[in-house]
Asker: 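My structure is below; once you've seen it, I'll send some questions.
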There are 2 protein chains.
Amino acid sequence: MAPPHGNRLLSRKDIEQFFERGVHTHLPGLCVICAVFGFHDPNLSLLLAKWKGVNLWSLPGGYVLRRESLDAAARRVLYVHTGIRTDHLKQFRTFGGPNRTGAKLRSFYAKLGIRVPADAWPFRRIVTVGYYAFVDSGKIRARTDYMLDVCGWYPVNGRPRLSFNHEQATRLALEALRGRLDAPAAGVSLLPKRFTMPELQHLHEAVLGTRLDRRNFQKRMLEGGRLERLAERRQGGAHRAPYLYRFRSDRPQDDF
Amino acid sequence: MAPPHGNRLLSRKDIEQFFERGVHTHLPGLCVICAVFGFHDPNLSLLLAKWKGVNLWSLPGGYVLRRESLDAAARRVLYVHTGIRTDHLKQFRTFGGPNRTGAKLRSFYAKLGIRVPADAWPFRRIVTVGYYAFVDSGKIRARTDYMLDVCGWYPVNGRPRLSFNHEQATRLALEALRGRLDAPAAGVSLLPKRFTMPELQHLHEAVLGTRLDRRNFQKRMLEGGRLERLAERRQGGAHRAPYLYRFRSDRPQDDF
DNA sequence: CCAAAAGTGTTGCAATTACACCCATGC
DNA sequence: GCATGGGTGTAATTGCAACACTTTTGG
C-alpha cells in the first residue's frame, strides 16, 4: 500500500486546493466514512474525530478520487485524516437519503477562515459509502490532520454523540463486525503473533459485549485445528502462566 | 407508492430529455441496479433485460434523481424500465471500481440514433448501488421500455451471460437473499394469502437450491405460531389434498 | 496461605437430522 | 390398484450450554 500524499496528513493547503480543484480530481456527491473499531485488551473502542472549532464529532470520512476505487478511497481517507493504515476495511452500507448534506460544514470552514464556494458540492446532497475495520488500538495511535481538534479512541459505550447519521452508521457497522466473529481466524490480526487463549477470548467478549465461558470458548477455538499451542507460556503476569498459541499460517485467513 | 412518471415506462423522449437535462435532474456518476428474483412454483428466476439492438444483457438499472433517496430510486428505476413495482428492495453492496464505466452504452445509443454528448457522465466512471428483491414471477409480468428488446424472467441457472459486473452482483444478491430465509415469515408475500405447506417449502428450496425434509420443514415453519392452519384443503390437484395455511397478520412481518 | 487466574472434561438439554408408515386422489 | 404426493411422530445424533475442581503464581 503506497503512502498516499507521501506521509503527510491533510494540511490547510490540501483543503484549500480541494475547494479550488476538487471538482476535477474527485467524484462529486460521494464520500466514504470509516467506523474503525479498536481493541486493546480488554476494551473495545471507536475511532472518533472532533472537527476543529465546532462541536461536531464524527467518524473519519472524506471524498473519493476519480482514479481510485471506493475501497482504496476508504483506506486513503482514513490515513490522511488520522494517520491510521489498514487493509481490512469492509463495506457495510451505503447511505443515500435526499436530505443528507454537508451543510453543517459551511460554518466549520467559515470559522477556519477558509474561503469556500457557497454552493460547493460537499455542502449539498451527498451519498456515503460506509466502511468498517478492526485494529489494535494499543499499537495504533491516531494523529490529527488540520481539520481536527481531536482524533482518538473512545469507548464504544460512552462515546461522544456523533453528528450526521454516524450514530446509526456505527450501530450497523458494529452489527457487521459481530457477524464476522465466527469466521475462521477472526481477530488474529489484532493480537501479537503469539497470544494466549484468554487474550483471544477478551477480544471476542469485547466485540460481542457479553461474557463467554472459558472452557466452551477454548473448545470452539481449537476445533478445526487452526490454532497451534506452543510449548512456551506467557511468563511475568500475576497468577498461573497461560499457554501461548499461534495461528497455523498454512491456512487461508479471512480475518478482519 | 405513487406511480413515477404516471404509469408510463421510459420512452425515447425520456431518454433524449435525460441526455439534455439529466445533469440538472440527476445525481451524476451514480446508478442503482436491481437483482429481482422471481418465484413461480417451483422455479427461481431472475429478471433480465436485453438492451435494444446490441448483444448486452443486464440487470435493470438506472440513475438517481436529485430529490429521491437511493431506495426510492431503486423502486422507480425498476418500474420505469420493467413495469414492476415492489417495496421490498434491499441494498446488498455498492460497486465502485475506477474502471466501471458505461462506455459500452455509447454504441447502444448510436444504434438507436439518439444523439448523446460523447462525454456524458453515464459513459464515464459510475458508482453502482446494488439492490435485490424477491417477487412472485407468476403474478408479475415484466414490460419493456423503449431501451429494451426483451425483459423477462430467466432461470437463475441457465440465464444469459450478463455484462458490466452483473454476474458478480447476481451472486452477491443471491447470497443476501438466502441469508434472509430464516427470518420469520420469510417469503409470505410471494404466495397467495392461503397457501399450502408444500408450496412454502418449494419456495425455500428454490432459493436455497437444495431439497428439504418435509416433516422437519413443517416443524420449523409452525414453531412460533406465525402460521395458522385453515380447515379447508386445496382441492383439485392430483393426489391427496393438502391443508391451506395463512399467516397470522397480527404479528410484524419483515418478509422479503 | 490466600486470592486470583488458568487448565481441564463431563453431563444434560435443546435443536437438528434422519427416518417409516398411513392416507387421499387421479389415472 | 397403483403411483404419487401429503400428513404425522419418534428415535438418534449433534451441537451447545452449564458446570467444579485442581494447578500455578504473586503478594
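In the text below, chain A, chain B and the rest are named by the order of the sequence lines, each starting its count at 1.
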Asker: Looking only at heavy atoms, what is the nearest atom pair of B:Q218 and B:Y245, with distance?
Answerer: OE1-OH, 3.3 Å

Asker: Hey, are B:R93 and B:Y132 close enough side-chain-wise for a donor-acceptor pair under 3.5 Å?
Answerer: no

Asker: To the nearest Å, how far apart are B:F217 CZ and D:dT8 C1'?
Answerer: 16 Å

Asker: Rounding to a whole Å, what distance do you find between B:L212:CG and C:dT16:P?
Answerer: 13 Å

Asker: Could you check whether the rings of A:H166 and A:F164 sit parallel, tilted or perpendicular, using 30° and 60° as the cut-offs?
Answerer: tilted

Asker: Nearest whole Å is fine: how far is C:dA5 C1' from A:E205 CD?
Answerer: 13 Å

Asker: Could you tell me the separation between the CG atom of A:L222 and the C1' atom of C:dA6, rounded to a whole number of Å?
Answerer: 14 Å

Asker: Heavy atoms under 4.0 Å, any strand shown: does B:R234 hit a base, just sugar-phosphate, or nothing?
Answerer: nothing

Asker: Let me have a per-nucleotide readout for nucleotides 17-27 of chain C, 5' to 3', with B, S or -, counting only protein heavy atoms under 4.0 Å.
Answerer: BBBB--BBBS-

Asker: Less than 6.0 angstrom from the centroid, inside 45 degrees of the normal: does A:R85 satisfy that with respect to the ring of A:Y79?
Answerer: yes

Asker: CD of A:Q218 versus P of D:dA18: gap in Å, rounded?
Answerer: 18 Å

Asker: What's the shortest heavy-atom distance between A:I33 and A:A169, and which atoms?
Answerer: CD1-CB, 4.0 Å

Asker: Please report the distance, rounded to the nearest Å, between CD in A:Q201 and P in C:dG7.
Answerer: 10 Å

Asker: Is it true that B:E199 and B:R234 have a side-chain N and a carboxylate O under 4.0 angstrom from each other?
Answerer: yes

Asker: Mind calculating the distance between CD (A:E223) and P (C:dG9) to the nearest angstrom?
Answerer: 16 Å

Asker: Could you state the atom-to-atom distance from CE of B:M197 to C1' of D:dT8 in whole Å?
Answerer: 12 Å

